[in-house]
Each structure stands twice: as structure tokens, then as C-alpha cells.
Amino acid sequence: MTPQHPYQDAALDVDQRVADLLSRMDLADKAGLLFQPMADVGDFDRPGTFGTPSVHTLLQRRITQMNVLEVSSARETAEWHNALQRAAREHPLGIPVTISSDPRHSFTDNPAAAFLAGPFSQWPEPLGFAALGSAELVERFAEVTRREYLAVGIRTALHPQLDLATEPRWARQNGTFGEDADTVARLGAAYVRGLQGPAGAGVSAMVKHFPGGGPQRDGEDPHFPYGREQVYPGGCFDQHLEPFRAVIDAGAAQVMPYYGMPVGTELEEVGFGFSRQVLTGLLREELGFDGIVCSDWGILSDMCWGVEHLSHAERMRKALEAGIDQFGGESSTDVLISLVESGAVSERRLDSSARRVLREKFRLGLFDDPFVDAGRAAAVVGAADAREQGLEAQAAAHALVQNTAGSAAGLPLRSGIKVYAENVDPAALRGRAQAVGSPEEADVAILRLTAPWEQRGTPGDLESFFRAGSLAWSAEELDRIGRIAAAVPTAAVVHLDRPALLGPLAEAVSALVVEFGACDEAVARVLFGEAEPRGRLPFDIPSSAEAVAASRPDVAFDTAEPAYRFGHGLRYG
């Protein structure tokens with residue numbers, strides 16, 4: 001089709017196309033570019049999850065960026081995406097919709113952080129990649145993610161997460177590459193390269209949480225008022241910037257600041273999304289970043305730390321003055337239009353952010369071909385080769401913490417033995433061992449455990465999904481495990497989403513393995529020697545709750561006399 005306007009001409013360079021389109025947009029068109037609310041796959045007229053507007057309403061507000069939530073099937077998502085693009089083309093300017101997603105290739109199920117893999121191939125959590133430490137593997141995984149996202153129309157990844165896991169109690173460590181800044185920087189850069197791929201053929205990476213969300217006071221998370229403070233008693237603010245320097249050099253297209261509010265520093269004590277010192281002074285001017293800065297979700301409506309006293313409109317103005325280009329999880333275009341019409345925000349300021357958002361849409365090729373092949377999506381998403389690669393990575397990422405020579409539970413286990421197993425699918429043992437119903441009948445016990453955490457909030461609400469609080473197992477649970485281990489040699493496999501206090505558990509069992517996102521089949525392959533546990537701990541394991549409480553949240557490897565050090569991992573044989 002012959003282009004009617006210069007912005008529709010793929011032969012022109014991106015800056016020319018952006019300038020032409022921007023000159024044709026009215027205020028409502030521009031305002032719509034500055035919002036990225038959540039959206040549900042399905043009926044456009046259905047009200048959104050968490051009380052958000054319907055997709056139809058978002059389109060009426062000229063919003064063309066949406067964060068997709070639950071995905072039931074690849075084909076359905078691809079068809080929904082194509083329907084969105086057709087609806088967008090009904091507007092005279094035909095601005096395409098950019099779909100974004102939180103991570104959805106592992107085991108986390110948290111509506112504020114990541115989703116279960118569902119139809120996508122399933123891999124270890126980022127901590128598992130940190131345990132393996134291979135930039136090559138991370139880049140390959142990111143390429144698989146890119147391929148599967150592209151198949152359904154997802155063009156912005158709200159990841160990777162580059163925070164340093166320096167506070168052992170923090171609930172968001174599961175999504176990080178661990179405690180070591182060099183490892184996080186190296187793997188983060190590899191992730192961005194694999195995800196973004198060739199120009200026009202990739203997925204835009206939104207790296208987070210600038211300038212590093214790890215140093216949380218008492219390990220609490222700033223999704224909640226009691227966790228809003230970030231502290232730097234060790235003076236290590238700059239260390240948390242190292243991964244961001246690396247990914248900006250690698251070409252990361254977008255940055256998300258965290259909710260946290262720095263306390264006791266020279267910075268204004270407001271959430272990072274409201275801080276001009278951080279977003280303009282540090283990110284733009286010092287680090288030279290000129291991509292999109294998108295706020296974390298809901299900073300105008302909810303997580304507005306340090307500016308709670310301001311109105312919604314005043315918070316929006318302050319965030320724009322700080323350097324925010326797009327508001328995640330928000331859809332109040334009317335407020336922004338009113339700010340411009342009243343003169344509180346200049347249209348020139350609006351143009352600055354709109355230009356960045358449009359530039360990324362053009363760079364991704366969305367204006368030229370926004371549609372996907374829905375019939376092919378199911379064959380690409382979760383393909384057999386990707387699933388097997390993910391399974392192999394899950395197994396390899398196990399870290400062998402303890403292995404008692406001469407014990408019947410010493411790893412790898414012999415095939416054909418009688419096994420008492422907890423939290424293991426019997427299908428994973430079939431052909432490898434005989435399942436029995438009690439420790440007394442068994443040759444070996446296998447216990448799959450989850451790192452301890454404190455239940456917060458009401459089951460089903462947002463707070464309940466955050467595994468925070470104490471890192472210690474209860475005395476009752478340790479006593480129960482001890483009774484089993486006294487009855488039969490025992491191997492424990494712990495899902496480690498935070499550095500649990502493993503010492504007391506290790507005293508009770510013969511073999512101790514930790515995993516960072518693994519299905520029962522991957523666990524069985526490791527236990528029975530069909531796969532080698534090649535992981536090493538991506539953080540120190542503290543020796544006590546007292547050592548954790550005494551450590552400085554911003555300082556890596558700061559707990560006294562850790563039970564196991566970063567990099568610990570035994571091998572078979």
C-alpha cells in the first residue's frame with residue numbers, strides 16, 4: 001500500500017517518521033502514549049482484573065501500551081493481539097498497540113511480579129541462572145523468550161530484574177541474578193542482548209528496578225507501606241548501579257525505577273519514580289540513558305511513597321518533572337490532559353516522552369507489520385526443543401550443598417530402592433524407585449521443601465504472594481524432619497527463593513540439595529544421577545537470624561560467619 005504520510009513510509013529513518021507523526025497528533029493522542037495499564041486477554045468489553053478499565057475503554061482513551069496478565073493459550077493470545085491491532089487501525093493515525101509482560105517462563109506465581117509458565121517453555125528462576133553463571137545460557141534462554149513472545153505479539157518484557165540480593169529477607173530475590181554485582185551485570189547484559197536481538201526483530205527490554213531495589217530496610221518490600229524505605233548504612237549505593245551501567249551499554253531500551261524511597265542519603269526522600277535527582281540527574285545525565293523510563297505499576301494511585309500528601313494530579317506532575325515517560329498500571333489520561341490544558345505541564349514536555357515511546361514502536365517495526373501468525377503461535381510457544389532445554393537447565397541449576405558418603409541417602413541414589421517421598425509426583429519416581437507409604441518401609445526418604453517464610457495478609461490478596469519475614473524453619477518443622485531422618489536416611493531438596501537458614505536442616509539429613517525452580521522430573525534426574533547438579537549458591541547462606549538482622553542491607557556478603565558461602569556447590573564423584 002502506498003504511504004499517505006511520511007510516518008507510514010518504511011524507507012524513511014525513524015526520527016523523520018516520529019517527527020511527522022507527532023506533528024499530526026492531538027493532545028489526547030499524545031496523552032495516551034504515556035500510560036501502560038494492565039489488560040486481560042479476551043472480551044474487549046469485560047472489566048479488567050483488579051477493577052481496571054476494559055480494553056475497549058483503554059482504546060477509547062487512545063492508550064496503545066498494555067500489560068497483559070494471565071495467558072491461557074498461545075493461539076488465543078495471538079488472536080487477541082491481532083484484534084487489538086485491527087481496532088487500533090480504526091483510528092485515523094493507526095498507532096499500533098505495544099503489549100508488555102512480566103516474566104512468564106518459570107515457576108513464580110505472583111500477580112505483582114511474574115506468572116506461571118502456562119503454555120510457554122519452563123526454565124529455572126533467574127537465581128538458577130545465577131547458580132550456573134553462564135552468560136551463554138542466559139542469552140540462549142533470552143532468545144527462546146524472544147521467539148515465544150514474538151509469536152503471541154508481546155513486544156516489551158518487564159524484565160530482567162537487576163537488583164542485588166544484598167538483604168537476605170527481601171521477598172523479590174527470586175527474580176534476581178543473586179548477590180554478586182559482577183555476576184548480575186554480566187548475566188543482565190547477556191539477557192538484554194538475547195531478548196532484544198536484531199533491530200526491528202526483537203523484544204524491548206525494560207530493566208528494573210533502578211537504581212537497585214535490594215537495600216530494603218528489614219528486608220521488607222515497598223509494595224507495602226511498611227517496606228517503603230531503602231537504606232544505605234554501608235555507603236554502597238554505587239555498587240547497586242553496576243548492573244544498570246552494563247545493560248545500558250548493552251543497549252537496554254527501557255528502565256523501570258522502583259517504588260522504594262531512599263532514607264538517610266543526600267537524595268530527596270521520595271519514591272525513585274518521583275526523584276529528579278535519580279531519573280534525570282543520574283540516569284539521563286550521568287549514565288547517558290535516552291530510552292523510555294516507565295514507572296513501576298501504580299505509583300500515582302497507590303505506592304506513592306514520600307508524596308502521599310499530594311493529589312493524583314500533583315503526583316503525576318512531579319513524576320513528569322522527575323523524568324518519567326510512561327506510567328505503568330495507570331490509565332488516567334484525563335488528568336494529564338487537564339494538566340496540559342491548565343498550563344501546569346507543557347505540551348513540549350509531553351512531546352519529549354511521546355517521542356521516545358513512538359521511537360520504540362517504530363524501532364520494533366510495529367507500524368509496518370503489527371500482526372502475528374495466530375495459527376503458528378501454538379507450534380512456537382512451548383515447542384518440544386525449548387521445553388527440553390528448560391528441563392535440562394532446571395536440573396543443572398541444582399546446587400548440592402551436602403552429601404554424606406556411605407549413607408543410603410548419599411547422592412546419586414541407586415535405582416530400584418524403596419522411597420518415602422513428600423511433595424514429589426509419583427510419576428517422577430516411576431521406573432527409578434518403588435514408592436512406599438511411610439519412612440519405616442523405605443530405604444530412603446526424599447523430602448521436597450520450600451524455604452520458610454511468614455504468611456502475610458489474607459490468602460489471595462497481593463500481600464499474601466510475597467514470601468517475606470523469617471528465614472528460619474519452625475521448631476516443629478525441624479522436629480518433624482528430624483524424626484523422619486532418624487527413621488530412615490533422608491535426602492532433602494529445598495526450593496530456595498531466599499537464602500534460608502540451611503544449617504539446622506543440614507544437621508538432620510544425609511544429603512541436601514537446593515533448587516531454584518525445578519519440576520519433579522528435573523529433581524528426579526538429579527537425585528538418581530541422570531543429570532549432574534552443576535549449580536553454585538548465588539548468595540551467602542546466613543548462619544543465624546541474628547547475623548541477618550545485624551547485616552547492612554546495601555552491602556553484599558555482609559552476614560557474619562555464613563553457614564555456606566557464595567559459590568558453594570559440591571559435585572558427584
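Predicted model, so just to flag it, every value in this text is computed and none were measured.
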Between atom [atom1] of [X] and atom [atom2] of [Y], what is the distance when rounded to the nearest 0.5 Å?
X: Ser23; Y: Asp351; atom1: OG; atom2: CG; result: 10.0 Å
X: Ser204; Y: Arg146; atom1: OG; atom2: CZ; result: 13.0 Å
X: Glu360; Y: Leu33; atom1: CD; atom2: CG; result: 13.0 Å
X: Leu27; Y: Arg62; atom1: CG; atom2: CZ; result: 9.5 Å
X: His209; Y: Leu158; atom1: NE2; atom2: CG; result: 9.0 Å
X: Trp453; Y: Gln455; atom1: CH2; atom2: CD; result: 4.0 Å

Checklist entry - Is there a ring pair (Phe, Tyr, Trp, His ring centres under 6.0 Å) between Phe141 and Phe129 once you walk through the steps? => result CA-CA 10 Å; Phe141 161 66; Phe129 289 106; 4.8 Å; yes
Charged N to carboxylate O below 4.0 Å: is that the case for [X] and [Y]?
X: Arg228; Y: Glu308; answer: yes
X: Asp238; Y: Arg245; answer: no
X: Asp325; Y: Arg284; answer: yes
X: Arg17; Y: Asp13; answer: no
X: Arg349; Y: Glu321; answer: no
X: Arg169; Y: Asp221; answer: no
X: Lys318; Y: Glu268; answer: yes

Do [X] and [Y] have side-chain heavy atoms sitting under 4.5 Å apart?
X: Leu283; Y: Phe272; value: no
X: Pro542; Y: Leu501; value: yes
X: Leu58; Y: Pro37; value: yes
X: Phe210; Y: Met256; value: no
X: Pro222; Y: Trp305; value: yes
X: Val68; Y: Val41; value: yes
X: Pro257; Y: Pro211; value: no

Item to check | Centroid separation His159 to Tyr191 less than 6.0 Å | outcome: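 Yes.
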Item to check | Check: Thr458 side chain, Asp461 main-chain N or O, donor-acceptor pair, under 3.5 Å | outcome: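 No.
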Under 3.5 Å, is there a donor-acceptor pair between the [X] and [Y] side chains?
X: Trp170; Y: Asp163; answer: no
X: His309; Y: Glu314; answer: no
X: Ser100; Y: Gln36; answer: yes
X: Gln173; Y: Thr176; answer: no
X: Ser353; Y: Gln326; answer: no

Item to check | From CA spacing to verdict: ring pair (Phe, Tyr, Trp, His ring centres under 6.0 Å), Phe466, Phe224 | outcome: CA-CA 10 Å; Phe466 285 74; Phe224 313 105; 5.1 Å; yes
Checklist entry - Of Glu90, Met66, His91, which meets side-chain contact (heavy atoms from CB on, under 4.5 Å) against Leu59? => result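 In the set Glu90, Met66, His91, the residue that makes a side-chain contact (heavy atoms from CB on, under 4.5 Å) with Leu59 is Met66.
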Quick check: closest heavy atoms across [X] and [Y], and the distance to 0.1 Å?
X: Asp540; Y: Pro562; answer: OD2-CG, 3.8 Å
X: Ala319; Y: Ile299; answer: CB-CD1, 4.5 Å
X: Leu34; Y: Ala354; answer: CD1-N, 4.1 Å
X: Leu496; Y: Ala451; answer: CD1-CB, 4.2 Å
X: Ala181; Y: Glu242; answer: CB-OE1, 3.6 Å

Checklist entry - Which is it for Phe539 and Phe566 under the ring pair (Phe, Tyr, Trp, His ring centres under 6.0 Å) test, yes or no, and what are the steps along the way? => result CA-CA 5 Å; Phe539 36 45; Phe566 168 83; 8.9 Å; no
Checklist entry - Checking side chain to side chain donor-acceptor pair (under 3.5 Å) for the pair Glu330/Ser301: CA distance, chi angles, key distance, verdict? => result CA-CA 8 Å; Glu330 305 279 1; Ser301 306; 2.7 Å; yes
Item to check | Chi angles and distances behind the side chain to side chain contact (heavy atoms under 4.5 Å, CB included) call for Phe107, Phe516 | outcome: CA-CA 9 Å; Phe107 292 80; Phe516 305 96; over 6 Å; no
Item to check | Working for ring pair (Phe, Tyr, Trp, His ring centres under 6.0 Å), residues Tyr258 and His240 | outcome: CA-CA 13 Å; Tyr258 207 26; His240 292 262; over 10 Å; no
Item to check | Worked verdict on Lys30 versus Glu347 for salt bridge (charged side-chain N to carboxylate O under 4.0 Å, His left out) | outcome: CA-CA 9 Å; Lys30 295 175 183 179; Glu347 190 162 356; 2.8 Å; yes
Checklist entry - side chain to side chain contact (heavy atoms under 4.5 Å, CB included) between Arg355 and Leu358: does it pass, once the steps are laid out? => result CA-CA 5 Å; Arg355 188 174 292 110; Leu358 289 174; 5.9 Å; no
Item to check | CA sep, side-chain torsions, deciding dist, call: Lys208, Asp102, salt bridge (charged side-chain N to carboxylate O under 4.0 Å, His left out) | outcome: CA-CA 11 Å; Lys208 59 188 185 185; Asp102 276 308; 3.5 Å; yes
Item to check | Worked check of side chain to side chain donor-acceptor pair (under 3.5 Å) between His56 and Asp43 | outcome: CA-CA 9 Å; His56 181 73; Asp43 185 350; over 6 Å; no
Checklist entry - Between His105 and Glu148, is a side chain to side chain donor-acceptor pair (under 3.5 Å) present by the stated rule, with each step listed? => result CA-CA 10 Å; His105 276 84; Glu148 296 191 350; 2.7 Å; yes
Next on the checklist: One pair to check against side chain to side chain contact (heavy atoms under 4.5 Å, CB included): Ile292 and Val255. What are the steps and the verdict?
Outcome noted: CA-CA 6 Å; Ile292 297 167; Val255 168; over 6 Å; no
Checklist entry - Arg61 and Asp334: salt bridge (charged side-chain N to carboxylate O under 4.0 Å, His left out), yes or no, with the steps? => result CA-CA 8 Å; Arg61 295 178 188 180; Asp334 57 327; 5.8 Å; no
Item to check | Partner of Thr98 under side-chain hydrogen bond (donor to acceptor under 3.5 Å, both in side chains), chosen from Gln65, Lys361, Arg155 | outcome: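 Option passing the side-chain hydrogen bond (donor to acceptor under 3.5 Å, both in side chains) with Thr98: Lys361.
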Checklist entry - How far apart are the C-alpha atoms of Arg217 and Asp554, what are their side-chain angles, what is the distance that settles it, and do they pass the salt bridge (charged side-chain N to carboxylate O under 4.0 Å, His left out) test? => result CA-CA 9 Å; Arg217 185 188 293 277; Asp554 61 321; over 6 Å; no
